[in-house]
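Working notes for the structure below.
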Amino acid sequence: MRTDHLILTYVVSLLAALSGLAIYSELRSRRFGPTSSEDHIFRCKKCGLVYTDDADVDRSRCSQCGQANDAIKF
């Protein structure tokens, strides 16, 4: 076997291994990565508590003091 073939086989094998690792890493990050939440974030005007509530709620009562609050807009 010639030296050129050995070097080519080594380079192709190395690139195939790196490609396999990149694909595995991407699939793993998609499976276990964080997902965005649709919940709204509220901050109580009376006591300052920051909390979340369902996405279909425009105004929410603070669980600590009972004040109705609007969702925070970013």
Side-chain angles (χ1 to χ4, degrees):
M1 189 172 239
R2 292 179 28 192
T3 308
D4 295 345
H5 288 127
L6 287 175
I7 292 173
L8 179 65
T9 302
Y10 175 74
V11 169
V12 168
S13 299
L14 183 65
L15 290 175
L18 289 174
S19 298
L21 283 174
I23 291 170
Y24 174 74
S25 176
E26 180 65 25
L27 291 175
R28 185 178 162 97
S29 69
R30 285 185 187 179
R31 183 183 303 166
F32 297 113
T35 59
S36 63
S37 174
E38 299 294 328
D39 289 349
H40 286 161
I41 299 172
F42 297 89
R43 181 176 183 157
C44 183
K45 295 175 184 173
K46 188 174 178 182
C47 68
L49 178 71
V50 178
Y51 58 98
T52 61
D53 205 341
D54 294 335
D56 60 341
V57 176
D58 292 330
R59 290 182 56 89
S60 177
R61 289 205 175 270
C62 176
S63 61
Q64 202 161 23
C65 67
Q67 173 76 28
N69 299 295
D70 294 324
I72 296 174
K73 306 275 186 208
F74 292 100

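- Between Asp53 and Ser60, the closest heavy-atom pair is OD2-OG, 2.7 Å.
- For Asp4, the side chain to side chain donor-acceptor pair (under 3.5 Å) criterion is met by Arg2, not counting sequence neighbours.
- Applying the ring-ring contact (aromatic ring centres under 6.0 Å, His included) rule to pairs touching residues 13-48 yields Phe42-Tyr51, sequence neighbours excluded.
- Each ring-ring contact (aromatic ring centres under 6.0 Å, His included) pair with one or both residues in residues 53-74, not counting sequence neighbours, would appear here, but there are none.
- Between Cys47 and Gln64 the shortest heavy-atom distance is SG-OE1, 3.8 Å.
- Residues passing the side chain to side chain donor-acceptor pair (under 3.5 Å) test with Arg43, sequence neighbours excluded: none.
- A distance of 13.5 Å separates CG of Asn69 from CD1 of Ile41, quoted to the nearest 0.5 Å.
- In this structure, CG on Asp39 lies 9.5 Å from CG on Asp56, to the nearest 0.5 angstrom.
- Judged as a side chain to side chain donor-acceptor pair (under 3.5 Å), and not counting sequence neighbours, the contacts of Arg30 are Glu26.
- Considering only residues two or more places apart in sequence or on other chains, Asp70 meets the side chain to side chain donor-acceptor pair (under 3.5 Å) condition with Arg59.
- The backbone N or O of Leu21 sits nowhere less than 3.5 Å from a side-chain atom of Ser25 that would complete a donor-acceptor pair.
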